[in-house]
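Reading through the structure tokens given below for one structure.
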Number of protein chains: 2
Amino acid sequence: MNTHTFRNWQSVQTEVLRRIHAREWKPGDLIPNEADLALEFGCARTTVNRALRAVAEAGALDRRRKAGTRVATQPVAKATLNIAVIRTEIEDRGQTYSYRLITRHDAVPPLAISSAMETSAGRPLLHVGALHSADGTPYAFEDRWIDPNVVPAASREGFETVSANEWLLKHAPYTHGEISFAATSATQEDAVLLQCPEGSALFTINRVTWDGGAAVTKVRLLFRLGHSMRAVL
Amino acid sequence: MNTHTFRNWQSVQTEVLRRIHAREWKPGDLIPNEADLALEFGCARTTVNRALRAVAEAGALDRRRKAGTRVATQPVAKATLNIAVIRTEIEDRGQTYSYRLITRHDAVPPLAISSAMETSAGRPLLHVGALHSADGTPYAFEDRWIDPNVVPAASREGFETVSANEWLLKHAPYTHGEISFAATSATQEDAVLLQCPEGSALFTINRVTWDGGAAVTKVRLLFRLGHSMRAVL
DNA sequence: TGATGTTTTATGTGCATACATATTATTTTT
DNA sequence: AAAAATAATATGTATGCACATAAAACATCA
């Protein structure tokens, strides 16, 4: 049949994807093992392994030791979002970025914040509010809590010219984090800041970043109506 | 100094991440080349390569042939979203899923749709509207256009019991797609369907999937207020 | 029958080696 | 001095081999 040989892992990957796509290997099907495929493709098992691993990482194959490799039944689409600094996000679109600090003070956070950050309830944290604008129009409102015990340098930073969004990325390392996206209605306060009607649908990002066991910061970003976040599948 | 050897790529990866995190290798820094690291870590260059490749894929390193490997200056956070079928999304939370087809007919789509799908302006497509519910309460409204030329079988499918969301994943292969997230205000029609106040902030997903050069389907998913989409960083 | 141990098997990984390839750095030529 | 050819170098990848590991399949025993 196919006398052609596949000399590199990319071409093996392409062929594997083609077979999945052409339904030669149907969802749920167990595909031949690496050794057999290597024989068929005329390459080393290592090469097949590399290709199958890549396809599996992309979500189209499920692999388990001994059980073998099968075509994913629920090809859970994996979208990789690139979350950049707001300033560069705006500048990359060719718009002019401006920034305005609104509040910056130490305060005891609401319970929702202290429990999400796993800090003791009564301990004050650094609270920063700021507005990011694109071409003069409000773009996003940043509402952030920072733990000064975790990032002592933040207490000495005014955040008057550099946003916490940007400053933290540069000065506060983190090991992991959680992010969530939602739609929220603009409160009266939000509406004033973002210069939009009260009740507007705002795209909202909530993020908590951790450095090991301690929360570094929790931020809520409110984007003006019309904002959308894109990704490829 | 460190007499310890790193025998596997995961431990090398951990050590590399530690150094980046501890600022031993600062953002922008050129790190030692693979051969030197292999020597230092007491393992093969292949192993170092595997580890560095993984870290680079995660976004913390930038690698270029001959130029070497350097710590990413803009650690653009990459969040990987798992977009599942709505039914399983609901069932995985232990809720009861129900589905109701609202409309299904051939129609000439608005220009916004036909141009996004790159179909000729006047050609009718299959239009499906359906409601997904969790524990009896409306959860998401699905507004979908399907190209019957690309998925002929869809014309023979009633979508009365199986949602297009689920049916397409099983029957219509795709090569790639775009997805975007936004917040929109509920129109009166949306409000009735989702049983929420008019003007409510709805989390919205817009997705177009392609099979090679042809658009398979374009879908708009409106989620009830309160819905959020999570990911880890 | 059910629990427990053993074998088998497919994937996962490490290593030495060789060569490929993209870039940068250097040298030569015009 | 600019352009072109050439060398040097770090990453990228293919291969054969060996062994690790998880988990299914099977056998054994109470």
Side-chain angles (χ1 to χ4, degrees), chain A residues 2-20 24-73 75-76, chain B residues 2-17 19-20 24-73 75:
Chain A
N2 197 345
T3 132
H4 178 256
T5 60
F6 298 86
R7 312 190 131 326
N8 55 44
W9 73 266
Q10 291 94 333
S11 71
V12 171
Q13 185 188 38
T14 304
E15 173 62 10
V16 167
L17 288 172
R18 189 195 63 74
R19 291 187 185 184
I20 294 173
E24 285 176 30
W25 292 338
K26 299 187 192 66
D29 277 8
L30 194 65
I31 76 170
N33 70 40
E34 294 184 348
D36 290 350
L37 285 176
L39 214 65
E40 184 193 337
F41 290 152
C43 66
R45 182 170 79 88
T46 324
T47 308
V48 173
N49 180 280
R50 180 84 161 83
L52 295 185
R53 186 153 40 84
V55 177
E57 270 167 22
L61 287 175
D62 285 332
R63 323 193 70 201
R64 269 168 61 217
R65 276 175 169 161
K66 161 75 186 176
T69 301
R70 46 185 73 234
V71 179
T73 39
V76 185
Chain B
N2 197 347
T3 130
H4 177 256
T5 59
F6 298 86
R7 319 192 91 58
N8 56 45
W9 73 267
Q10 290 93 335
S11 71
V12 171
Q13 186 189 36
T14 305
E15 173 62 10
V16 167
L17 288 172
R19 290 185 186 185
I20 294 173
E24 286 176 29
W25 291 339
K26 299 187 191 65
D29 278 7
L30 194 64
I31 76 170
N33 70 41
E34 293 185 348
D36 290 351
L37 285 176
L39 215 63
E40 184 193 337
F41 290 152
C43 65
R45 183 170 79 86
T46 323
T47 309
V48 173
N49 180 280
R50 181 85 159 83
L52 294 185
R53 188 153 39 84
V55 177
E57 270 167 22
L61 287 174
D62 286 331
R63 324 194 69 199
R64 269 169 60 219
R65 276 177 170 160
K66 162 75 185 177
T69 302
R70 43 185 75 235
V71 179
T73 38

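Basis for what follows: all heavy atoms, side chains included, without hydrogens, waters or symmetry-related copies. Lettering of chains follows the sequences in order, A, B, ..., and the numbering in each one begins at 1. Remember, predicted model here, so these are calculated numbers, not experimental data.
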Check your understanding: Taking atom C1' of C:dT11 as reference, at what distance in whole Å does atom CG of A:D62 sit?
Key -> 14 Å
Short heteroatom pairs, N/O only, protein and nucleotides 6-9 of chain C, under 3.5 Å:
residue: C:dT9; atom: O4'; partner: A:K66; partner atom: NZ; Å: 3.2

Review point. For the pair made of CZ in A:R50 and C1' in C:dT11, what is the distance, rounded to whole Å?
Key: 16 Å
Revision key, fill the gap. Ranking A:G68 and A:T46 by the position along DNA chain C of their nearest nucleotide, the one closer to 5' is A:G68
**Study point:** Rounded distance in Å - CD (B:E34) to P (C:dT17)
**Key:** 17 Å
Practice item. May I have the distance from B:R64 (atom CZ) to C:dA22 (atom P), rounded to whole angstrom? Key: 13 Å
Point to revise | Atom of A:D62, atom of A:A72 and distance for their closest heavy-atom approach | key: OD2-CA, 3.8 Å
Review point. Given atom CG of B:N49 and atom C1' of C:dT13, what is their separation to the nearest angstrom?
Key: 14 Å
**Study point:** Pair A:R63 + A:E34, salt bridge at N-O below 4.0 Å
**Key:** yes
Point to revise | A:R53 bridged to B:E57 by N-O distance under 4.0 Å | key: no
Check your understanding: Given C:dT11, is OP1 or OP2 found less than 4.0 Å from the side-chain N or O atoms of A:R53?
Key -> no
**Study point:** Outermost nucleotides of DNA chain D that come under 4.0 Å of a non-hydrogen atom of chain B
**Key:** D:dT9 to D:dT13
Check your understanding: Tell me: CZ of B:R45 to C1' of C:dT13, nearest whole Å?
Key -> 17 Å
Practice item. Select from A:T47 and A:A67 the residue whose nearest nucleotide in DNA chain D is closer to the 5' end of that strand. Key: A:T47
Revision key, fill the gap. Heavy-atom nearest nucleotide on DNA chain D taken for B:T69 and for A:C43; more 5' hit belongs to B:T69
